[in-house]
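Residue numbers run from 1 in the order of the sequence given. Reckoned from all heavy atoms, side chains included, excluding hydrogens, waters and symmetry mates.
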Amino acid sequence: MNGEIEALLSYVSDKVADPAIYNYRPDPGAPDRSPEQINYRMAMTDVRSYGEVLSLDRQGVQVARLSSCVSDYYDDDQIRNNYYPEIEKLVMDATGARHVVAFDYNVRCQNYAEQKKYKAQRPVRFVHNDYTHHSGPQRVRDLMGDTAEALLKKRFAVINAWKPIVGPVRKSPLAVCDATTMAEQDFVKTALLYRDRQGEIYTVRHRQQHRWFYVSAMGADEVMLLKCYDSALDGRARYTAHTAFEDPRSPADAPDRESIEVRTLVFFDR
């Protein structure tokens, strides 16, 4: 499964001026701020056939190998006690950071989500980036206590480590947009609304110039590192748009994708 394919990707429209994604059922009569999504057919380049090594600071994505000691990715204790340290080391080695803190994770599987099993969530099937110019620094303030303001004076990043739990992935693989083909105006601030709090992500406007990557038949020992925020303003990649997509060459009986993503705060010396 190498080379280039075409697939439908779901982008946000401009019809809602102040879009929001609801994680609860809003009260009757409340204004609906749900963003409209529009599907576009986009070319997808397989990283395995691409002639250039992807990097976090240029394209915003990097592929790495990880031999994990974790035997059960649905066991919260194993993830926090064993997998978090593995990911922290992997991200530190990939970035040269001074300090890395794994702080959150999700497991995703369509079938398990429908069964309400393992607290699994569905793959996200619209183009987005997990943090914004505001919510990236706010995450540091939320998690790092009295040291937050000092940490915010130096460069920091939020990097997502995405890995299949079972490989090879044939159904609903992850696609990542080359950051060098994106512009600041492509990103649309979108509220994440909960009953008791509000978060913020970027949804993404379509441009035909966007170049997309995926890893065909991704194995359980492969990790995609995605830069979801970078405080540096020196021209390196700051955000990485990504989405699940349906590979048109996926077998009809392919099992649902099972994956885990760990979010990390990454701190640098300057």
Side-chain angles (χ1 to χ4, degrees), residues 2-5 9 42-68 86-102 127-133 136-137 139-140 154-164 167 169 173-184 186-187 201-202 204 207 209-245 259-270:
N2 294 326
E4 188 172 279
I5 62 174
L9 300 186
M42 301 296 289
M44 316 284 291
T45 298
D46 186 356
V47 172
R48 301 195 194 283
S49 65
Y50 189 58
E52 182 179 343
V53 176
L54 304 181
S55 77
L56 285 164
D57 283 344
R58 180 165 172 76
Q59 293 92 354
V61 57
Q62 190 166 321
V63 181
R65 294 275 182 178
L66 177 65
S67 296
S68 176
E86 292 176 346
I87 291 298
E88 289 169 348
K89 183 180 186 305
L90 182 72
V91 173
M92 188 174 295
D93 290 345
T95 61
R98 173 178 55 83
H99 186 48
V100 177
V101 178
V127 181
H128 68 286
N129 182 74
D130 294 9
Y131 289 91
T132 69
H133 182 71
R139 182 56 81 189
V140 176
K154 297 181 179 181
R155 181 188 168 212
F156 77 95
V158 184
I159 292 177
N160 185 334
W162 187 96
K163 188 183 87 68
V169 172
L174 187 70
V176 183
C177 191
D178 182 346
T180 67
T181 68
M182 303 197 73
E184 185 175 350
D186 297 342
F187 295 98
I201 65 169
Y202 282 134
V204 178
R207 282 200 305 131
Q209 293 92 328
H210 291 164
R211 180 169 58 196
W212 287 89
F213 295 110
Y214 77 109
V215 180
S216 61
M218 192 168 176
D221 64 342
E222 295 180 289
V223 183
M224 293 181 75
L225 301 178
L226 316 177
K227 188 188 287 184
C228 294
Y229 179 90
D230 195 324
S231 64
L233 302 175
D234 57 4
R236 72 184 77 205
R238 297 194 67 211
Y239 310 109
T240 309
H242 52 281
T243 180
F245 75 100
S259 63
I260 181 169
E261 61 213 46
V262 173
R263 297 182 180 90
T264 68
L265 293 178
V266 184
F267 300 102
F268 298 87
D269 284 326
R270 61 182 185 276

Rounded distance [0.5 Å steps], NE2 in H99 versus CE in M92: 7.0 Å
With side-chain contact (heavy atoms from CB on, under 4.5 Å) as the test, would you mind laying out the steps for M218 and S259 before giving the verdict? CA-CA 11 Å; M218 192 168 176; S259 63; over 6 Å; no
Is there side-chain contact between T243 and W212, with at least one heavy-atom pair below 4.5 Å? yes
Write down the atom of A102, the atom of T264, and the distance for their closest heavy-atom approach. CA-CG2, 4.0 Å
In chain order, what residues pass the salt bridge (Lys or Arg N to Asp or Glu O under 4.0 Å) check against R236, with sequence neighbours excluded? D57, D234
Contacts of F268 meeting ring-ring contact (aromatic ring centres under 6.0 Å, His included) (sequence neighbours excluded), chain-then-number -> none
With side chains defined as the heavy atoms from C-beta onward, is the minimum distance between N160 and D130 less than 4.5 Å? yes
Going by salt bridge (Lys or Arg N to Asp or Glu O under 4.0 Å), name the residues that satisfy it together with E88, two or more places apart in sequence or in a different chain. none
Under the 3.5 angstrom rule, does the side chain of H128 hit a backbone N or O of A241 as a donor-acceptor pair? no
May I ask you to decide if T240's main-chain N or O and H242's side chain share a donor-acceptor pair within less than 3.5 Å? yes
Not counting sequence neighbours, which residues clear ring-ring contact (aromatic ring centres under 6.0 Å, His included) with Y202? List them please. F187, Y239
By side-chain contact (heavy atoms from CB on, under 4.5 Å), R58 pairs with (sequence neighbours left out) E52, S55, T180
Would you please test L265 and V100 for side-chain contact (heavy atoms from CB on, under 4.5 Å) and show each step? CA-CA 6 Å; L265 293 178; V100 177; over 6 Å; no
So, using salt bridge (Lys or Arg N to Asp or Glu O under 4.0 Å) as the criterion, who are the partners of R65 when residues are at least two apart? D221, E222
Can you check whether L226 reaches V176 side chain to side chain, under 4.5 Å on heavy atoms? yes
Sub-4.5 Å side-chain heavy-atom contact between I159 and L56: yes
Would you say that M182 contacts C177 through its side chain, given a criterion of any heavy-atom pair below 4.5 Å between the two side chains? yes
Side chain proximity check, F267 to K154, heavy atoms < 4.5 angstrom: no
Which residues satisfy the side-chain hydrogen bond (donor to acceptor under 3.5 Å, both in side chains) test with Q62, sequence neighbours excluded? none
Under 3.5 Å, is there a donor-acceptor pair between the T181 and Q209 side chains? no
Show the numbers, then the answer: is there a salt bridge (Lys or Arg N to Asp or Glu O under 4.0 Å) between R207 and D186? CA-CA 8 Å; R207 282 200 305 131; D186 297 342; 3.0 Å; yes
Residue pair M224 / L174, side-chain heavy-atom distance below 4.5 Å: yes
Write down the atom of L54, the atom of Q59, and the distance for their closest heavy-atom approach. CA-OE1, 3.5 Å
Could you walk me through whether D46 and Y214 pass the side-chain contact (heavy atoms from CB on, under 4.5 Å) test, one step at a time? CA-CA 5 Å; D46 186 356; Y214 77 109; 3.8 Å; yes
For H210, what residues pass the ring-ring contact (aromatic ring centres under 6.0 Å, His included) criterion, not counting sequence neighbours? Y11
With side chains defined as the heavy atoms from C-beta onward, is the minimum distance between V266 and V158 less than 4.5 Å? no
Counting only heavy atoms not in E184, do more than 12 sit closer than 6.0 Å to its CD atom? no
Quick one: do F156 and Y229 satisfy side-chain contact (heavy atoms from CB on, under 4.5 Å)? Show the steps, please. CA-CA 8 Å; F156 77 95; Y229 179 90; 3.4 Å; yes
By side-chain contact (heavy atoms from CB on, under 4.5 Å) - contacts of A161 (at least two apart): I87, V223, L225
Taken in chain and number order and not counting sequence neighbours, the residues that satisfy salt bridge (Lys or Arg N to Asp or Glu O under 4.0 Å) with D230 are R155, K227
Please check: side-chain N/O of K163 versus main-chain N/O of E261, any donor-acceptor pairing under 3.5 Å? no
Give the minimum heavy-atom separation between A237 and A179, together with the two atoms involved. CB-CB, 3.6 Å
Those residues at least two apart in sequence (or on a different chain) that pass ring-ring contact (aromatic ring centres under 6.0 Å, His included) with F213 are Y50
Only counting residues at least two apart or in another chain, list the ones meeting side-chain hydrogen bond (donor to acceptor under 3.5 Å, both in side chains) with S231. none
